[in-house]
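Written below as structure tokens is the structure these notes are about.
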Amino acid sequence: MLGRGCCRLWGESNYTCQRCDSSNFCNCSSMNLVTIPRVLEKVSRLNLSYNFITHIKETDLTKHIKLKVLMLQSNEIQSIDDQAFKSNVVLEYLDLSNNSLIQLSPAWFLHLSKLQHLDLSGNKYRNLGPGRLFSHLESLRWLKVGNAFLSNLKKDDFEGISHLDDFILLGNKLESYEDRSFSSFQNVSHATMNLHDPFQKNQTLAQRIIWDLAPATTHVELRDLEYLSSSDTQLFSLPNNSSVKKYTFRNSSLSDSTIYVLLKNGRNSGISELVAENCAFSGRGEWHKVKNMTCESLISLTIRHISIKQFYLFFDLSFLHGLISHVRTARLTNLNLFMMPCGVSKSFQRLEYLDLRENLLTDLMMKEMVCENSWSSLTYLILRKNKLHSLKKISPILSNITHLMHLDLSQNTLSDVDFCVWSKTLQFLNLSGSQLSTISQCIPPNIEVLDLSNNNIRTFTTHLPSLRELNVSNNKLMYLPGGGYLPNVKILMISGNNLISMSSDEITTFDKLTTLDAGKNHYICSCEFLTYINKYLTHSIQLLNWPENYICDSPLVVKRMIVKNTKRSFFDCHTTLSVTLSCVALCLPIAIVGLLCYKYHGIWYIQMTWAWLQAKRKPKKVRNNNIFYDAFVSYSEMDSEWVENFLLRELENTHPPLILCLHKRDFIPGKWIIDNIIESIEKSRKTLFVLSQHFVQSEWCKYELDYSHFRLFDENNDTAILVLLEPIPKETIPQRFCKLRKLMNTKTYLEWPEDEVEQQIFWFNLKVALKGEENIRGHQ
DNA sequence: CCTGGATGGG
């Protein structure tokens with residue numbers, strides 16, 4: 001209440017509504033408005049419904065000359081100025097329903113020659129005014145008038161109206177009706193009358209209204225009738241000049257007597273279509289008196305959503321034979337129908353279309369319903385949402401309907417499907433929503449359109465050469481149905497399954513495929529799949545619900561992405577290539593390092609470093625106490641002849657003999673060669689290097705040289721003695737033997753001469769070099 | 001011969 005109070009004030013101070021879109025539709029519904037707001041002048045559709053507008057002023061809508069649709073329903077409009085719609089000459093749609101208008105004025109509509117749709121229902125007027133309300137509405141096609149207060153209709157009320165698609169009169173409280181009030185009506189396609197009180201209290205009045213209407217309308221619909229008594233036996237009869245072909249009862253309560261009167265009086269009125277919808281029926285089908293009546297005009301019967309309290313007490317309706325024998329279309333749905341006796345089935349001898357959905361039919365009752373010659377013309381049968389369980393039982397029964405082409409068994413619980421018999425004429429079969437998990441044994445081989453949606457089918461491999469359309473949506477299929485078995489399928493619906501992929505190979509087996517719905521599956525968005533579906537499939541067939549329903553399920557990086565927008569990276573898409581490239585990227589540095597190692601003798605350097613570290617770790621004293629040899633001779637194998645023939649003989653035969661360590665002779669077998677070298681050098685006082693070109697080539701010699709070099713620097717003892725067997729120019733020594741170069745620079749070396757006299761001097765010098773230090777140290 | 005439905009997350 002506070003809100004309303006506040007906004008009434010706001011509204012009076014020129015409230016503006018700016019909720020307009022690009023098509024000049026302004027939606028000002030439910031804004032607590034109390035007056036017509038200021039709004040875009042070029043507005044073409046204006047919704048002002050569900051506000052608190054009480055009055056429409058003459059000036060409110062004068063500027064809105066382009067207004068075509070004006071919705072003012074559910075306000076509190078009590079009055080409208082006579083000239084209020086004067087400028088709205090292009091207005092086509094005006095809804096003034098559910099307001100509080102007490103009086104209607106013909107002046108409002110004087111200029112609305114384009115108005116097609118007018119709703120004046122649900123106000124407080126008791127009559128349609130003194131003037132001729134609708135006489136200028138030459139374009140009117142839809143009219144709803146009346147309310148719970150309308151008490152009388154008089155002769156000129158509808159003057160000017162001749163053709164309407166729909167005419168709805170709310171006259172539940174109508175008390176008086178002046179004859180020929182509908183005399184201007186020439187062709188009203190559908191006239192809906194809510195005439196509760198007239199039918200209840202004054203059936204003559206009701207009768208006069210219907211009789212007046214009957215020559216001008218093809219479809220009469222009666223609403224809100226309630227358990228009519230049949231005191232007036234003329235009820236529902238129609239005049240000879242009636243145009244009525246269709247009679248509808250809606251939202252009414254009917255009894256046995258109502259139906260009996262209707263059947264009795266209606267059968268000769270030329271009605272071809274009878275509809276009862278959303279009604280309550282209190283009787284038990286006690287219409288025996290119609291037994292010998294016939295009705296050749298009735299060809300369509302619709303009885304839908306009827307609450308029948310005593311449905312289980314219903315009579316066998318075989319006495320209806322003559323009334324239903326010409327019916328071609330029957331919809332008997334949502335009626336608690338549990339049975340149609342064989343006799344009634346037989347009476348429907350011209351029935352082509354029968355809809356029995358939402359009833360209580362069982363396998364057993366089907367047997368009773370389909371007897372010899374029942375429904376002998378039937379081609380279309382709907383048994384959706386009943387209590388059928390076994391295809392094994394009902395398929396042979398239904399195969400007796402000799403012309404059946406179209407059968408809908410959807411939404412039953414069909415568990416027993418191991419064996420079926422079908423009519424050869426059957427072309428359309430609907431088994432959706434039936435909890436089926438296997439079906440292959442139960443599909444008619446010549447079927448053309450098959451709906452198996454909403455089941456639990458995991459595999460589909462049936463051979464169906466005539467099949468044109470297949471709907472297997474919402475099942476558990478992981479693969480497309482075996483393509484080769486379905487050569488004529490044009491339309492395939494397989495959304496909501498467990499498909500993980502679709503490949504060109506699978507799709508191309510359906511040569512005739514034009515339309516495919518494969519959304520809502522669990523696609524693995526591989527590169528092949530993405531390429532195929534995005535670049536080829538979408539261009540070759542009509543893909544329904546594309547792209548919004550095609551979502552990637554995996555891999556994780558693209559989960560929940562729309563297939564159309566999903567792109568995979570180069571590395572994802574070329575796995576072999578990228579693995580190869582990674583391997584190359586990983587192996588190349590290793591190879592390069594390896595190559596560099598080889599080229600620059602890395603391993604040798606590593607070994608050296610390791611050996612050096614080893615040597616450094618050993619305590620010095622232990623070394624001195626373990627002197628065992630006078631000299632360790634380091635030489636190349638190529639120089640072994642000189643070492644063994646000359647050096648060994650000369651030095652070991654002196655007095656006292658010098659003890660030499662030769663790797664050939666003194667190395668401990670089985671020990672690692674580097675350990676041997678280190679140990680031997682450590683056990684020797686001096687290291688004698690026999691230098692030659694060969695020596696430089698041999699790695700071990702380099703190593704020995706280096707180790708001795710460590711000792712040289714570590715212990716400051718002059719252990720290395722160099723003997724040159726042949727001249728080695730310094731340039732020929734490889735770069736990495738910088739130590740040898742240094743050694744040769746810093747130490748004097750002995751050269752092996754060719755001349756024998758000079759050789760004697762050489763030996764002498766060598767012995768001095770080997771022994772000299774011994775004298776200084778005074779050891780041993 | 002339109003009047004229909006189910007749907008998952010790891």
Distance, rounded to the nearest Å, where A:Leu409 contributes CG and B:dG5 contributes P
18 Å
Taking atom P of B:dA6 as reference, at what distance in whole Å does atom NZ of A:Lys476 sit?
13 Å
Just the rounded figure in Å: distance from P of B:dG5 to CZ of A:Arg357.
10 Å
Where the side chain of A:Arg331 is concerned, which of B:dT3, B:dG4, B:dG5 is the nearest nucleotide?
B:dT3
Closest to the A:Lys520 side chain, choosing from B:dT7, B:dA6, B:dG4
B:dT7
Report which part of the nucleic acid A:Asp451 touches: base, sugar-phosphate, or nothing (heavy-atom distance under 4.0 Å, all strands).
base
Base, sugar-phosphate, or nothing for A:Asn334, non-hydrogen atoms under 4.0 angstrom?
nothing
Indicate, with a heavy-atom threshold strictly under 4.0 Å, whether A:Tyr380 touches base, sugar-phosphate, or nothing.
sugar-phosphate
Report the nucleotide, chosen from B:dG4, B:dG5, B:dG10, that has the shortest atom-to-atom distance to any side-chain atom of A:Asp553.
B:dG10
For a quick check of understanding: with a heavy-atom distance under 4.0 Å over all strands, which category does A:Ser432 fall into, base, sugar-phosphate or nothing?
base
How long is the line joining CD1 of A:Ile524 and C1' of B:dG10, in whole Å?
14 Å
Under the criterion side chain to side chain contact (heavy atoms under 4.5 Å, CB included), which of A:Ser376, A:Cys371, A:Ser325 is the partner of A:Lys346?
A:Cys371
Taking atom P of B:dA6 as reference, at what distance in whole Å does atom CG of A:Leu477 sit?
18 Å
Rounded distance in Å - CD1 (A:Ile494) to P (B:dG5)
22 Å
A:Asn454 has a side chain; which of B:dA6, B:dT3, B:dC1 sits nearest to it?
B:dA6
Could you state the atom-to-atom distance from NE2 of A:His522 to P of B:dT7 in whole Å?
12 Å
Just distance, no hydrogens or angles: give the donor-acceptor pairs under 3.5 Å from side chains in residues 425-433 of chain A, sequence neighbours left out.
unit_1	atom_1	unit_2	atom_2	d
A:Thr425	OG1	A:Thr402	O	3.4
A:Thr425	OG1	A:Leu404	O	2.6
A:Thr425	OG1	A:Ser423	OG	2.6
A:Asn430	OD1	A:Ser432	N	2.9
A:Asn430	OD1	A:Ser432	OG	3.4

Classify the angle between the aromatic ring planes of A:Tyr353 and A:Tyr380 as parallel (below 30°), tilted (30 to 60°) or perpendicular (above 60°).
tilted
According to a strict under-4.0 Å criterion, is A:Arg384 in side-chain N/O contact with OP1 or OP2 of B:dT3?
no
Output the rounded distance in Å from CG (A:Asn549) to P (B:dG8).
12 Å
Using a 3.5 Å distance criterion without hydrogens, assess whether the side chain of A:Asn488 forms a donor-acceptor pair with backbone atoms of A:Pro465.
yes
Those residues at least two apart in sequence (or on a different chain) that pass salt bridge (charged side-chain N to carboxylate O under 4.0 Å, His left out) with A:Arg250 are A:Glu221, A:Glu277
